[in-house]
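The block underneath contains the structure these notes are about, expressed in structure tokens.
Lettering follows sequence order; numbering is per chain, from 1. Note: hydrogens, waters and symmetry copies are ignored here, and every other heavy atom, side chains too, is used.
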Number of protein chains: 2
Amino acid sequence: MKRIAESTVRRLSLYLSFLEGIERQGLTTISSDELAQMGGTTSAQVRKDLSLFGSFGKRGLGYSVPELSRKLREILGLGKEWRVCIIGAGKIGAALARYRGFAERGFQVTGVYDVDDAKIGKKWENLNVRAIADLEKDSAKHAYDIAVVATPAENTPAVVKQVLRAGIKAILNFAPIQLAVPADVTVRNVNMAMELEGLSFALSNRGD
Amino acid sequence: MKRIAESTVRRLSLYLSFLEGIERQGLTTISSDELAQMGGTTSAQVRKDLSLFGSFGKRGLGYSVPELSRKLREILGLGKEWRVCIIGAGKIGAALARYRGFAERGFQVTGVYDVDDAKIGKKWENLNVRAIADLEKDSAKHAYDIAVVATPAENTPAVVKQVLRAGIKAILNFAPIQLAVPADVTVRNVNMAMELEGLSFALSNRGD
DNA sequence: GATAGTTTGTGAACTAATTCACAAGCCCTC
DNA sequence: GAGGGCTTGTGAATTAGTTCACAAACTATC
């Protein structure tokens, strides 16, 4: 299959979330133009994005909401249950562990790890906090698919080394540093400082 | 000035964070190639990004670390103190309010708001939680520059209406919905479900 | 102060992403 | 079952973003 751009994948995700809302409203079909307007893009963009994976619509009519939902879930790999571990038993991890939306989409948080001895062994969001050193042997039975790294910057390189050793191939990184990983490991960075700086830039340069 | 792409701004932010690390190490100059390697890009990209704002380097030598830091901070608008309010006294807001990196970069969280009567009036991360209804009158004296919206999806449209009414022109949105705002308001979305779905896609399509 | 060795800054070339524009296909009505 | 009214799917055109490649400019050395 042709390489799919990250921006395309983000939009597919967005379309899916719109479709879920529409499904709840009980509507059964939707046009590319309606989806486009909800997402702040163009109808051509929507059709092009979808056409990369097949042709799911009916000319003159639009897309069947449940069918397109199903297809998008399939494309995004949301058919299976993904096993997620959180590294760093802090606020960010807690926000993720609590959010019901993840479980609904098949992301199950089944382990939490930390370096802090004071936290290890304690209950945290219905899970026992374990030592990072245990990650590798735990992953033999837990088979984690995704690691959420939410540790302070200074600990993160060591933590990532453990994650890689555990054979985990996908990382959601909240630490404000760049991770060094082999090519077969996918990383998505969420960097709140960067987002705030983007807003700062926008505020400082309005009107030029 | 020429329109600057969001991807460029993100990279500038990234360069700045590298420079801060390098500054701590005590190095005084750096080449575009070194910066590029840290950020996983090319030296040409680095030079092009910087050249959009001026020419800060010395041929044959590279860039002065403190000078380039200063310039980047200026470009990104980090010279001034930005006043930030957090809407939604939950885990995400708490993670932001606590992170020392923000204060260091000039983002000061000076107010927290919530809809939940049980939270209003309580202390939260050294701040008093206030009612969202108070945002508009508070912003007269607080002059918030940026609102961090971290509320459940269902409350978010109403919350955003209040934010706009308070005259705030920059929003960092963590709610998993698309915000409708006028053109002079800048929004950055952080959507963790979307990030996890991106990883799910990558895991499901490895090797094609 | 000439030469060798670097590294910047930037047009030009290239690649990727988005938008245009329209034939093809479907529904509905008469 | 023919015609009108929509909306898709997709090549072509356009726009945006990245990389190339090299002259210009600087340092260091002799």
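- Between the C1' atom of D:dT8 and the CZ atom of A:F56 lies a distance of 13 Å, rounded to the nearest Å.
- What separates NZ of B:K58 from C1' of D:dA28 is a distance of 16 Å, to the nearest Å.
- Among the nucleotides C:dC27, D:dT8, C:dC20, the one closest to any side-chain atom of A:A44 is C:dC20.
- Under the 4.5 Å side-chain criterion, counting only non-hydrogen atoms from C-beta, A:V112 is not in contact with A:E125.
- Listed nucleotides: D:dG9, C:dA12, C:dG9. Nearest to the side chain of A:Y63: D:dG9.
- Between A:R10 and A:E6 there is a salt bridge, since at least one side-chain N of the basic residue sits less than 4.0 Å from a carboxylate O of the acidic one.
- Atom pair A:L35:CG and D:dT7:P shows a separation of 13 Å (rounding to whole Å applied).
- In this structure, A:E67 places its CD atom 13 Å from C1' of D:dT8, rounding to the nearest Å.
- In this structure, A:L68 places its CG atom 14 Å from C1' of D:dT7, rounding to the nearest Å.
- Taking the six-membered ring for Trp and thresholds of 30 and 60 degrees, B:F102 and B:Y99 have ring planes more than 60 degrees apart, a perpendicular arrangement.
- Checking the phosphate oxygens (OP1, OP2) of D:dG9, no side-chain nitrogen or oxygen of A:R47 falls inside 4.0 Å.
- Counting to the nearest Å, the C1' atom of D:dG9 and the CG atom of A:D49 are 13 Å from each other.
- Looking at the side chain of A:K48, the nearest of the listed nucleotides D:dT27, D:dG11, C:dG9 is D:dG11.
- The distance between atom CG of A:L12 and atom P of C:dA17, rounded to the nearest whole Å, is 13 Å.
- Nearer to the 5' terminus of DNA chain D, by closest-nucleotide assignment, is the contact made by A:G57 (compared with the other of B:A5 and A:G57).
- Across D:dT18, C:dT19, C:dA17, the shortest atom-to-atom separation from the side chain of B:Q45 is found for D:dT18.
- The existence of a salt bridge linking B:E20 and B:R24 is excluded, since no basic side-chain nitrogen approaches an acidic carboxylate oxygen closer than 4.0 Å.
- At a cut-off of 3.5 angstrom, counting only N and O atoms as typed in the model, there is no donor on one side facing an acceptor on the other between the side-chain of A:R59 and the base of D:dT7.
- In this structure, B:S32 and A:T42 both approach DNA chain C, and ranking their closest nucleotides by distance from the 5' end singles out B:S32.
- Between A:S31 and D:dT7 there is no side-chain polar atom (N or O) within less than 4.0 angstrom of OP1 or OP2.
- As rounded to whole Å, 14 Å separates atom C1' of D:dC20 from atom CG of B:D33.
- Sequence order on DNA chain C of the closest nucleotides to A:E6 and A:L61 puts A:E6 first from the 5' end.
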Exercise. Begin from the C-alpha positions of A:T42 and A:Q45 and carry the test side-chain hydrogen bond (donor to acceptor under 3.5 Å, both in side chains) through to its verdict.
Key: CA-CA 5 Å; A:T42 65; A:Q45 180 77 77; 5.3 Å; no
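- Between A:S55 and D:dG9, a side-chain N or O to OP1/OP2 separation shorter than 4.0 Å is present.
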